[in-house]
2 protein chains.
Amino acid sequence: MDLSEKSNCTFCHFKSQAVETLDTTEITLLEKNCAESVFKKNAIIFQQGSLTSHIAYIRSGLVKIHKRGPSRDQILKIVKPLRFIGIPTILNGRRYQYSATALVPTNLCFIDTDIFKNLILQNGSFGNEIINELCQDELRFFDHAINRLQKQIHGRVAEALLYLSTEIFANNSFLMPLSGKDLGDFVHASRETITRTLSRFKKEGLIDKQGRQITILDYKTLLHISRTG
Amino acid sequence: MDLSEKSNCTFCHFKSQAVETLDTTEITLLEKNCAESVFKKNAIIFQQGSLTSHIAYIRSGLVKIHKRGPSRDQILKIVKPLRFIGIPTILNGRRYQYSATALVPTNLCFIDTDIFKNLILQNGSFGNEIINELCQDELRFFDHAINRLQKQIHGRVAEALLYLSTEIFANNSFLMPLSGKDLGDFVHASRETITRTLSRFKKEGLIDKQGRQITILDYKTLLHISRTG
DNA sequence: TTCAAAATGTGTTTTAAATCACAGTTTAAA
DNA sequence: TTTAAACTGTGATTTAAAACACATTTTGAA
């Protein structure tokens, strides 16, 4: 990983709400302990089990957070820009508990864990924003867990498509960043089942699919399928 | 809910690490905006969909956090004393996104959400402790999700028994706080499957079971089952 | 102390989706 | 530009656990 390029945080155009709370001294501190880096599609950002070093901030791109389970890899969440990844690194544990991989070319800033922790301790507003993000993540994760556990594939896939369209891309047409296997690892289904389900959605006119380009055609029905499972 | 009794936080013997960081002024503020209350077994602490009012702190007892899914109730986590529940209430949302129910007689302190938020903003150390708790929860939840999704019932039940024994009760013998249905809602299995699995574990000498009293007899094998699924 | 309502136990049947097997297609590296 | 590797598509078979159906036991409220 190439951390050679130093960042200029003060004039960065991709500040998160948390970083916006920092004063001049604090942002200078951040700047001195922060390095920018570019990751190609499928490049591993950090890997479960390796020694922790930094918290990463997504300036642009898309990242999957995943963890090896007894039978397969499980994609736990997909994180989009202006969010930190690897915050639990601030806990005493010395190894990453999960992996992070770039789904598309991704621009990251690596921040020293101790500096990040100091910002939390010094600036209540910074900590408050981090808490807000963690709470949002928790609520979303509760819903994802229920979706994955209680719905049948049609519901799970519909919900994943709507999630990508609405939350991640904010566009009813998008280039699917996940392969069939990845989508399976995300919604807990086999690759074959994903193929069959997407084909069916296409045949029924709920989506259009040209290669990886997906367009939501019938939002309402998809939402209904995603709700009822 | 009876919030009549005012608390004496300063001399409370059940302070969390977060509350330990507060200074005299802050703890007085907390004390003035905090009310103690006792909940019977199975009493609802707050319910998904109802208007948010307070964050609760568990002084003693045991609480399940659960949410209604399309096919059944899902127990998302079990929370033990010296932890807050309902922290996401600090987000702008005006309704609880999940329910909390006492599993055993439980002693709670209700704290005004705005006061809680002010403590985070004013005192970085307080926020830091809350962040630590949220991070621990996230890591545990990742593991729980993988367990529930990827393992077969034997593994899921073994893992739940070890979780209760190790993390919740810190004792190899404990009074099961969950009914068969509840345990099913926790590990995502039907009531019948839970019965069969527990009977089998007993027959094979892995646990002893006298009514609700469970004793872990063969920790090693259970751990192996829980790991391999 | 009684008695209905929960909770638990056990055999049989059903089912959703995984797995298997293999063909065709795209992608990226040499 | 070629060529292997990764990805996608589709039918047939298998399987883990849910659902069903009922008997029995426990619990807690009148």
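So you know, we letter chains A, B, ... as the sequences are listed, proteins then strands, and number each from 1. Small disclaimer: the values here were computed from a predicted structure and weren't measured.
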Problem set entry | B/S/- contact track for nucleotides 4-23 of chain C, protein heavy atom under 4.0 Å | ----BBBB----SSSBB---
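- Under the 3.5 Å distance criterion, with hydrogens and angles disregarded, no donor-acceptor pair is assigned to the side chains of A:Thr113 and A:His54.
- Judged by distance alone, the side chains of B:Thr89 and B:Thr52 never bring a donor and an acceptor atom under 3.5 Å apart.
- Between A:His144 and A:Tyr163, the two ring planes are perpendicular [angle over 60°; tilted spans 30° to 60°].
- Going from atom NZ of A:Lys202 over to atom P of D:dT8 covers 14 Å, rounded to whole Å.
- Two end axes, each from the C1' atoms of five base pairs, can be drawn for the helix from C:dT1-D:dA30 to C:dA30-D:dT1; they diverge by 60°, to 10 degrees.
- For the pair A:Asn171 (side chain) and A:Phe174 (backbone), a donor-acceptor distance under 3.5 Å is absent.
- Looking at residues two or more places apart in sequence or on another chain, you find no side-chain hydrogen bond (donor to acceptor under 3.5 Å, both in side chains) involving B:Arg95.
- For A:Lys40 and C:dT27, the NZ to C1' distance is 15 Å, given to the nearest whole Å.
- The separation between B:Met176 atom CE and D:dT27 atom P is 15 Å, rounded to whole Å.
- Whole-Å rounding puts the A:Phe201 CZ to D:dG9 P distance at 14 Å.
- Between the side chain of A:Arg148 and the main chain of A:Phe186, a donor-acceptor pair closer than 3.5 Å is present.
- One atom, CD of B:Gln150, and another, P of D:dA17, lie 13 Å apart when rounded to the nearest Å.
- Atom CG in A:Asp182 sits about 14 Å away from atom P in D:dA6, given to the nearest Å.
- Distance NZ (A:Lys41) to C1' (C:dA28): 12 Å, rounded to an integer number of Å.
- Using bins of under 30°, 30° to 60° and over 60° for the plane-to-plane angle, the ring pair B:Phe39/B:Phe110 lands in the tilted bin.
- Taking the six-membered ring for Trp and thresholds of 30 and 60 degrees, A:Phe141 and B:Phe142 have ring planes more than 60 degrees apart, a perpendicular arrangement.
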